[in-house]
2 protein chains.
Amino acid sequence: MTVTIKDIAKIAGVSHATVSRSLNDSPLVAEKTKKRIKELADNLGFEFNANARSLSTNKTGTVCAIFPQKFGEFGASLYYISLLNQLRTSLEEEGIDLIVSFPKSSKTGESNIKRLIISKKVDGIIIIHPRLEKIDGQIINFMELSKIPYIFLHHYSSFYEENLADSIYTDHFYGGYNATDYLIKLGHKKIMCITSVGNSYEFEQRLNGYKAALNQNNIPVDENLILFGYRDIASGYNLVRDNIKSITDKGVTAIFAHTDLMAIGAMEALKEFNIKVPDDVSIVGYDDIELAEDFKPALTTIHQPREEIALLGCKRIVEMINGKKIKNKINIVLQTRLVVRESTKQIK
Amino acid sequence: MTVTIKDIAKIAGVSHATVSRSLNDSPLVAEKTKKRIKELADNLGFEFNANARSLSTNKTGTVCAIFPQKFGEFGASLYYISLLNQLRTSLEEEGIDLIVSFPKSSKTGESNIKRLIISKKVDGIIIIHPRLEKIDGQIINFMELSKIPYIFLHHYSSFYEENLADSIYTDHFYGGYNATDYLIKLGHKKIMCITSVGNSYEFEQRLNGYKAALNQNNIPVDENLILFGYRDIASGYNLVRDNIKSITDKGVTAIFAHTDLMAIGAMEALKEFNIKVPDDVSIVGYDDIELAEDFKPALTTIHQPREEIALLGCKRIVEMINGKKIKNKINIVLQTRLVVRESTKQIK
DNA sequence: CAAAAATTTGTACACGTGTACAGAGATATT
DNA sequence: AATATCTCTGTACACGTGTACAAATTTTTG
């Protein structure tokens, strides 16, 4: 049925070892033989049996990407989908297959990782995990012990200091600073900030950036203007609607939303109170999801280089898989970029 | 390093065959021995080497999902992401890993499928492919010949008639009919339809349903009210903006958009001309993406049971993988459901 | 209690590939 | 031409698991 190297060997009148060596481009085979075998294999539509090969070489040509639990939730999926897409594309170029896991809990996520490693189903693990506190040191130890290449994307790893885990992420502090500073440069002084609850490193940093920009420009931080919700449209809408008084009474002229979806929700709420964007209130979002560009008014936002994250992550893990000796773990911080569109305006 | 069944055998003082049988719950092993071995394996953190196992059994515990090329494009990703999510969840319950592929072209998609099949990396193939014309009969023949279980999701397969391919999809005709009929029941007579170009089976059917509902209610089909664009927000926006005259002059009171994103774009355009939704114009979308609910006004739309599609697809492919004798291919058509929200209103 | 039957275990080989080592054949050296 | 060297190929075993068949052990039967 399926063609094996033994079949090819029989047809070519050589040993299966010679076929194996030929197809793996070993210098031990005479060029003429090699060429003949390769052509034969091509004609027969031969593909290596991946399982036999993996058993023998301990390489699978497969990596696994573990997404955060909230992948399934709306806002998050929209956010991670381009990461997944880019990841897949980059890996395809390396001829690596991608197994995905959207674990229901961190426990199932970890047992998944363990199973995949022990059963030798994957060559490497890519963990996309924006939150700090839920990473269990145990699983990192396990990965270290098992010597499997692994990397964290979109996550600042405290393990980096111990030279334990690779990590690639973006500078959320600067993103927050940049957005706020831009609004200030436009003349805004009363800038509301709507962010997400939870011990999320990224939101914390964006908030710190916001505060730093205010301080830098000698604008006092008004804690009442910092509102906590969730990362979706509904939450942005609710936060603004429920706090509309604090906008009208305190003379808020700008809102910095910590996700684009919150920004969109906020705009919807403002519309209901007949507050015009950007004429009355300027809005800056965060993430630069594809929706941001299409929305009316098109959203000024902080672009996260997700493509670059995926690209670098792939490159790194492929290096590790290919056995490049890694002395030190890396910790790459990528810069965000302010994308100015229609939702922000110089103050009148 | 890693624990194998031989290691367990040595420790337990039995042969590796007994260990293998025990861990696979063979009735050939004495209960007492079986229990002892299982506990021992547990304590040692044993997991089968997936590659050796696959080599021996020809089962991998992995399936591959091939997504359509346009997965990466915004509108599409939003649409398929919940399918992927549900697929993953259903497969997880069966203990099956999921390899994903977002091929750049149908050619790379097919060579991916072939490679995965020949190299024995997967037990089954799930193809998500809404368009008809790009499926190549050749790849279907290949899958048939290789006897690999495969299934089409979200795609009507003409191969069904030849008893070749399983297919699970939704009734786009009825969806189109239902949306249009509902608008008519609300008193609307001039109903604009914005749809997508391209030989897509689903859009064609939705359009047929639209026309059938009009006919059924003795409303003439006005071809000028049928506009073709793409499935995203920008296109919905542009179509309505560029044809605003045909709305105001012809007294259009309702728009049936063939995707939720187009509906959202249409609403944005209407807003710019101070046409109120739903007071002046009612709008119905299609898909029921999560965005539809959060948007203001919340979108009336046709819900596609993507969760059910994924669930049934998994069930079916797992049956096939487990060797259930399949006499006839199945062709499951799931019903859509009208979800009434705020964007539609009885005509004044 | 011996023989037959049933149950449990072990031996040996298979799955398809990679590779160390030995050996054959070709070429170079004296 | 005999020997040494180099290039190429084949043999044999390994990777970890499953299972047919044989063998050993236990249980049942007369």
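Here is how names work: the chains are called A, B, and so on, in the same order as the sequence lines, proteins then strands, and each is numbered from 1. Computed over heavy atoms, backbone and side chain alike; hydrogens, waters and symmetry mates excluded.
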Is the distance from OP1 or OP2 of [N] to the nearest side-chain N or O of [X] less than 4.0 Å?
{"X": "A:Asn51", "N": "C:dC15", "answer": "no"}
{"X": "B:Thr33", "N": "C:dT8", "answer": "no"}
{"X": "A:Thr18", "N": "D:dG10", "answer": "yes"}
{"X": "B:Arg21", "N": "D:dT19", "answer": "no"}
{"X": "B:Ser54", "N": "D:dT17", "answer": "no"}

| request: Could you walk me through whether A:Thr62 and A:Asp97 pass the side-chain hydrogen bond (donor to acceptor under 3.5 Å, both in side chains) test, one step at a time? | output: CA-CA 5 Å; A:Thr62 312; A:Asp97 291 312; 4.6 Å; no

From [atom1] of [X] over to [atom2] of [N], roughly how many Å is that when rounded to an integer?
{"X": "B:Lys6", "N": "C:dA12", "atom1": "NZ", "atom2": "C1'", "result": "12 Å"}
{"X": "A:Ile118", "N": "D:dG16", "atom1": "CD1", "atom2": "P", "result": "14 Å"}
{"X": "B:Asn24", "N": "C:dT9", "atom1": "CG", "atom2": "P", "result": "15 Å"}

| said: Cation-pi check for A:Phe48 against A:Arg53: NZ or CZ below 6.0 Å from the six-membered ring centre and within 45 degrees of the axis, yes or no? | reply: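 Checked: cation-pi criterion met.
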
Can you tell me which nucleotide in [options] comes closest to the side chain of [X]?
{"X": "A:Thr4", "options": "D:dT19, D:dC13, C:dG16", "value": "C:dG16"}
{"X": "B:Leu55", "options": "D:dG16, C:dT9, C:dC13", "value": "D:dG16"}
{"X": "B:Asn49", "options": "D:dG18, D:dG16, C:dT17", "value": "D:dG16"}

| task | For A:Ala30, answer base if it contacts any base atom (sugar-phosphate contacts may also be present), sugar-phosphate if it contacts only those atoms, and nothing otherwise; contact means non-hydrogen atoms under 4.0 Å. | result |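 The answer is sugar-phosphate, as A:Ala30 gets under 4.0 Å only of primed atoms, P, OP1 or OP2.
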
| query | Nearest nucleotide by nearest heavy atom, which residue falls closer to the 5' end of DNA chain C, B:Ala52 or B:Ser15? | reply |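 The answer here is B:Ser15.
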
